[in-house]
Amino acid sequence: MAQTITIDPITRIEGHAKITIQLDEQGIVRDAQLHITQFRGFEKLCEGRRFGEMPALTARICGICPVSHLIASGKACDALLAVRIPETADKLRRLFNLAQLVQSHALSFFHLSSPDFLLGMDADPAVRNIVGVIQANPQMARDGIRLRQFGQQIIEWLAGKRIHPSWIVPGGVAQPLSAEKREQMLAGIPEALDITQRAIGWFRSVLRQFSEEIQTFANFPSLFLGLVTETGALEHYDGVLRVVDSAGNVIADKIDPSDYQQYIGEAVEPWTYLKFPYYKPIGYPEGIYRVGPLARLNLIDRCGTPRADEAWAEFRALERGAVLSSFHYHYARLIEILYGLERIQQLLNEPDILDTRVQAVAGPNRSEGIGVAEAPRGTLIHHYRIDKDGLITWANLIIATGHNNLAMNRGILQAAKHFVKGERIQEGMLNRVEAVIRCFDPCLSCSTHAVGQMPLHVQLLSPAGEVLHEVRR
Amino acid sequence: MSKKKIATVWLDGCSGCHMSFLDMDERLIELFQQADLVYSPLVDLKEFPQDVDITLVEGAVSSEEDLHKIRLVRERTRVLVAFGDCAVTGNVPSMRNPFGTNAVLQRAYLENVTLYPQVPREVIPPLIERVRPVHEVVKVDVFIPGCPPSAETIYLAVSDLLADRVPDMAKLTRFGA
Ligand code: SF4
C-alpha cells in the first residue's frame, strides 16, 4: 500500500520545516517534498514604516544572519538617499559582513553538522548533537564555539551588540571603529586561522567515509548564481551578478544587481510557504540554480587572498567543471571562513579604517531602492518603494534560502530514492534525507510543526491521496 | 540529585533568542554538565518529552501548530519561560495583526509573484487570525524580555532556575534590550 513518511520537525537546521516522502505499493520512493511551515509576512508588515527603520526591522527576519539583512537593507536605503557612502563606512560594513560569515559558517559546520561527520549518520539520535560532540571530541567542540564566538565578538565590538544591533544606518554606519577594538580583533585572527586550517585538514581526511553521501546529496547539474567582483574574485558585499552552468561556463556576467527582476522569477507551490525563485531566461522549473558557498566557489576565477586561494584550488580539483555535490557546501563553507579571516585582517590594516567620517547624511532622493549582498547562505535582495514622506509603500524580499528551494526539493528526492527503502525504515536513512537539507544550511526561521507521540509519522495513502491508515513509531 | 531536564522551543520567532543562548559560548559546556538538553532545535529528538523541568519558549503563537504545540509543552513542563520579546509581547510577528493575516498572505503569494499566484494551503499549518504572546494562550511562569535577551541575562536566569531560584528579571533585562 502506498505510504507517506513525514520527518517532522527537521532538526539541526536554523529553522524548522518538515519533509514528506511518498512511497508506492512496492515501497519505492515516488516523490519527496520539503515543506516550510512558517510564514512571517515582512513584505507587508513594513508598510507605512519610515524607511530608516527597515534595517532594524528586517534584521528580525533572522537571528542567525541579522547582519545580512542589515547590510542588504542598508544598501537599499543608500539607494533611496542616492548617496555613495564614505569609503571607511564601506570597509566597516564589509568587515561586519565577513564577521557574520565567519560566525554563521562556524555555527553550521560545528554546532549543527559536525555531529553527523564525527559521530556518523547512523549514530544514536540522542547523542547526535553538539552536546555529543562536546563529549566525543572536546577540542573540536571548543574550536567551533571559539570560532563562532570570534565572529560574534567582532560584530559586538563594531556594533555594540551581537544580535540585532542597530549600527547600520542609511548612508553608512553609526559609529567608527576605535583603535583599541581594532587591536582586539587583530589579536584574535591567528587562533581563528589555526582552528579553520585544522577543520579543513580534518574534513578532507574524513571525506572518503562519505562517498555515498557525496554521490547522492543533491548532486546534479544546475546553474549557480551569486555576486563576484568586477574582476571575478570572491565578493560578499557589493559587485555584479554572475551565472555559471554545471560545466563551469559563465552564461551571464556583469549583471547590475538592481536588474534582478529580469533574471529571477518567483513561483508559488501550494504545499510550502517558501516561494521558488527560478532563472527567468530558462523558465520554471528548468531554471533551477543554487546560491551560497558552493555556488560562490563555482562562480569565481579566484578568491583573492593567499590561503583561501590555495584551498580553493584544491577544492575545484574535486570535480571537473563546477563542483556539483551539495555535500561540498560544508567544505566550501570552511574555505569561505578562511577567506573571511584573511580579508578581515586586510581590512583592519587599511590605513583609513579608523577614519571617523562614516555616514553620508541625506534625505530620501529616490522613490525606489534595491540592495543586494551575499549572505552566508547566498544572494539576498531587498527592494523598497517609498512615498514622498519616506514611508514604505511596498517591499519585495528574496532571501538566500529561497533561491535554493528547487535544489533542496530535488536533493531530498535524490537522497530518499537512494537511502529510503520502504520495507524497513531506519532512523539513519531519514537522518540522511535531513542531512541533505543541512548541506544548504537553510536559514528558514520556521516554526516547528506538530509534536507527535512519536518522532516518525507514517501515513498510508490511497492512490487518490486520502489517508487510509496512520502509524506513528 | 539527578540532572535537570531543559528544553527549548521555537514558535514564530527569528531564532535570535536561540542564537543568544548559543552566545553563552564556553559557558555552554558548563551548562550541559549541569543539565540535559532533552528537546531543542539543536538536538535530534523529535518528540517533546514528559516531565521537563525548564522550557524556554522563543517566538509568538502564530499558526495552528504553534497553538497545539505550546499547549502540549505546557502540560509537560514544570517551569515555562517566555523567552524574548516575541514570546513575551508578540513583538515583530504581531505586527501583522493590524493588516490581518489575509492581507499579508496576499502580498507575498498573490502580488509579489511571477508564476502560479496562490496562497499555499496544503500540508502546511494554517496561520491564525491574530498573533498572540505565549501567556495569552497558556500560563507562563517566568518572563525574560529582550530582543534578544543578552547571553549574560540568559546565563544568569537559567542558572537561577537550575538552582530552583526565581530570577529577578527586572535587574537583568528590559523590553527591547
Ligand atoms: S525576541 Fe527578537 S531576537 Fe527573539 S525571536 Fe523575537 S525578534 Fe528574534
Side-chain angles (χ1 to χ4, degrees), chain A residues 8-9 11-12 14-16 20 35-41 43-45 47 57 60-64 66 107 111-112 125-126 128-131 134 141-142 145 148-149 152 162-164 265-273 275 280 284 396 431 445 447-456, chain B residues 9-20 22-23 25-26 28-29 32 36-37 41-48 59 62-63 65-66 68-69 72-73 91-93 95-96 99 101 103-109 112-118 120-125 127 147-148 150-151:
Chain A
D8 176 20
T11 40
R12 288 189 286 129
E14 293 105 346
H16 277 225
T20 55
H35 310 274
I36 305 309
T37 54
Q38 185 188 30
F39 171 69
R40 315 290 310 281
E43 291 172 331
K44 183 76 183 178
L45 56 77
E47 235 177 69
L57 178 59
R60 267 74 181 182
I61 291 172
C62 177
I64 300 132
L107 173 76
H111 297 64
L112 303 175
R128 200 178 54 209
N129 55 53
I130 181 68
V131 187
I134 292 175
R142 202 172 289 271
I145 288 172
R148 174 171 182 276
Q149 181 182 15
Q152 288 289 77
R162 290 182 178 196
I163 298 164
H164 304 330
E266 288 184 274
V268 184
E269 295 286 356
W271 39 267
T272 175
Y273 283 126
K275 288 190 270 194
K280 256 190 186 170
Y284 182 83
N396 190 36
N431 184 41
S445 36
S447 66
T448 45
H449 183 59
V451 193
Q453 287 295 310
M454 289 288 167
L456 185 61
Chain B
V9 172
W10 195 331
L11 304 177
D12 192 5
C14 78
S15 78
C17 291
H18 271 81
M19 291 305 115
S20 198
L22 287 182
D23 280 338
D25 297 328
E26 283 161 297
L28 285 171
I29 298 177
F32 292 143
D36 282 325
L37 186 62
L42 299 166
V43 306
D44 271 354
L45 299 180
K46 310 220 183 267
E47 179 195 1
F48 194 88
S62 166
S63 71
E65 289 306 337
D66 294 342
H68 169 79
K69 180 159 196 173
L72 188 112
V73 167
N91 196 26
V92 176
M95 284 171 63
R96 90 166 183 241
F99 297 97
T101 296
V104 175
L105 287 166
Q106 182 164 344
R107 167 61 52 82
Y109 300 108
N112 290 358
V113 163
T114 330
L115 258 187
Y116 312 140
Q118 61 187 314
R121 295 193 196 280
E122 294 170 16
V123 190
I124 47 181
L127 303 179
C147 181
S150 72

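Just so you know, these numbers use all the heavy atoms, side chains as well, and skip hydrogens, waters and symmetry mates. All chains are named by letter (A, B, ...) in the order of the sequence lines, taking the proteins before the strands, and each is independently numbered beginning at 1. Values in this document were obtained by computation on a predicted structure and should not be read as measured data.
With a 4.5 Å cut-off on side-chain heavy atoms, A:Glu266 and B:Leu115 do not count as touching. Considering only heavy atoms from C-beta on, B:Pro120 stays 4.5 Å or farther from A:Thr272 through its side chain. Side chains of B:Arg96 and A:Lys44 form no contact here, defined as non-hydrogen atoms less than 4.5 Å apart. Between A:Leu107 and B:Leu22 the shortest side-chain heavy-atom distance falls below 4.5 Å. Residues A:Leu57 and B:Met95 meet the side-chain proximity criterion, which asks for heavy atoms closer than 4.5 Å. Within the 4.5 Å cutoff, the side chain of B:Cys14 has heavy atoms near those of the A:His164 side chain. Residues B:Ile29 and A:Ile145 have side chains in contact (heavy-atom distance under 4.5 Å, counting atoms from C-beta outward).
Comparing B:Leu105, B:Asn91, B:Leu37 by heavy-atom pairs within less than 4.5 Å of chain A, the highest count is held by B:Leu105. With chain A as partner, the option from B:Thr101, B:Asn112, B:Val104 having the largest number of non-hydrogen pairs under 4.5 angstrom is B:Asn112. With respect to chain B, the highest number of heavy-atom pairs below 4.5 Å among A:Val131, A:Asn396, A:Val268 belongs to A:Val268. Among the candidates B:Ser62, B:Ala103, B:Pro93, B:Pro117, the residue making the largest number of heavy-atom pairs closer than 4.5 Å to chain A is B:Ala103. Taking B:Leu127, B:Val113, B:Asp23 one by one and counting their heavy-atom pairs under 4.5 Å with chain A, the maximum is reached by B:Asp23.
Contact between B:Gly16 and A:Ile163 at its shortest, heavy atoms only, is O-CD1, 3.4 Å. Nearest heavy atom pair, residue A:Gly63 against residue B:Met19, reads O-CG, 3.4 Å.
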For the pair B:Ser20 and A:Arg162, evaluate side-chain contact (heavy atoms from CB on, under 4.5 Å) and give the outcome as yes or no after the intermediate values.
-> CA-CA 8 Å; B:Ser20 198; A:Arg162 290 182 178 196; over 6 Å; no
Tell me, with the steps shown, if B:His18 and A:Ile64 meet side-chain contact (heavy atoms from CB on, under 4.5 Å).
-> CA-CA 9 Å; B:His18 271 81; A:Ile64 300 132; over 6 Å; no
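When heavy atoms are compared at a cutoff of 4.5 Å, A:Gln152 approaches chain B solely by way of its side chain, counted from C-beta outward. In this structure, chain B has a heavy atom under 4.5 Å from the side chain of A:Ile134, while its backbone stays farther away.
Between B:Tyr109 and A:Tyr273, the two ring planes are tilted [angle within 30° to 60°].
Atoms CD and CG, on A:Gln149 and B:Leu28 in that order, are 10.0 Å from each other to the nearest 0.5 Å.
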